[in-house]
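Take a look at the structure set out below.
One-based numbering, in listed order, for ligands and for the atoms of each. Just so you know, these numbers use all the heavy atoms, side chains as well, and skip hydrogens, waters and symmetry mates.
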Amino acid sequence: MADRQTDWASLGIDVTKPSIARTYDVVLRGKDNFEVDRAFVDEIVKVVPEIYDVATYNREVLGRGVRYLAGEAGIRQFLDLGSGLPTVQNTHHVAQATDPSCRVVYVDNDPIVLAHGRALLAENDRTGVVTADLREPEAILAAPEVRRLIDFSQPVGVMMVGILHHLHDDEGPQRIVDTFMDAVPSGSHLFVTHFCASSEESRDAEQKYLALLGTGRFRTPEEITAYFDGLELLEPGVVPLPLWRPDGPAPTDLSVGQRLMFGGIARKP
Ligand SMILES: C[S@@+](CC[C@H](N)C(=O)[O-])C[C@H]1O[C@@H](n2cnc3c(N)ncnc32)[C@H](O)[C@@H]1O
């Protein structure tokens, strides 16, 4: 076990503290996580028993959103910021199912994504993985793999799915969003999903995230909507994830879990 931990340490992976990517892997019922990550999720389950379902709503809307972007919106290149560990129906699977020429760059700052994800995510020469920090948008925009795969004269799908709530207010999430949207041309789209301050339980969950993981800022629907300022917000706007263009009938009487994350897509005019 000690040797095993030394191996992880040499990859830059700290198994003594929960990581965002690995705790998300827990709720997606993946295998790339450690005891400390599962213990964190056990604490969240105490305030939001549906947290595993919330991860599913997020993955499902990611699929619907990318299908829309690659389909109706005609986007052929995607910058997936905070991509997470590979799971089912990753962005390039969905986009390339619509058009195999779609190009995707995955960006994440967790070394576990590099350790486990590179081979799976960079499956073909139209996908790439970059280890970088969202808080340094200029470095991401200048990264050679980003420059190889993304043509900044053509519309880009900028994805910040399940990541902006991991930025504190003083880290300037709006500036970061604006930096990416300023770098892409008209016709580009911004896709955001975000933990929402939508119930008493969400306030409790926020406290647990901040205390145990160090990040997790649950913003109001108005704060999340403000990320899209200056862009054309597409119907149905910024809504609880199960209400964003559901494949079947829209659910009614949403539960705490169904309201825990909000999201939307907007087009740059
Ligand atoms: C909840 S996961 C979301 C994964 C995927 N986008 C999805 O929605 O299914 C958030 C991801 O953002 C990454 N992340 C958090 N803060 C980051 C930062 N400052 N820079 C880059 N990646 C970050 C985490 O490592 C994690 O993999």
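- Between Y106 and F78, the ring centre distance reaches or exceeds 6.0 Å.
- Ring planes of F218 and F195: parallel class, angle under 30° (limits at 30 and 60°).
- N58 and Y24 are linked by a side-chain donor-acceptor pair at a separation below 3.5 angstrom, with hydrogens and angles left out of the test.
- Atom CD of E138 is surrounded by more than 12 heavy atoms from other residues, nucleotides or ligands within 6.0 Å.
- Side-chain contact between E206 and H165 is absent, with no heavy-atom pair separated by less than 4.5 Å.
- Sorted by chain then number, the residues whose non-hydrogen atoms approach ligand 1 to under 4.0 Å are I20, A21, Y24, N58, R59, L62, G82, S83, G84, D108, N109, D110, A132, D133, L134, R135, V161, G162, I163.
- One side chain, Q96 or N124, offers a donor N or O that lies under 3.5 Å from an acceptor on the other.
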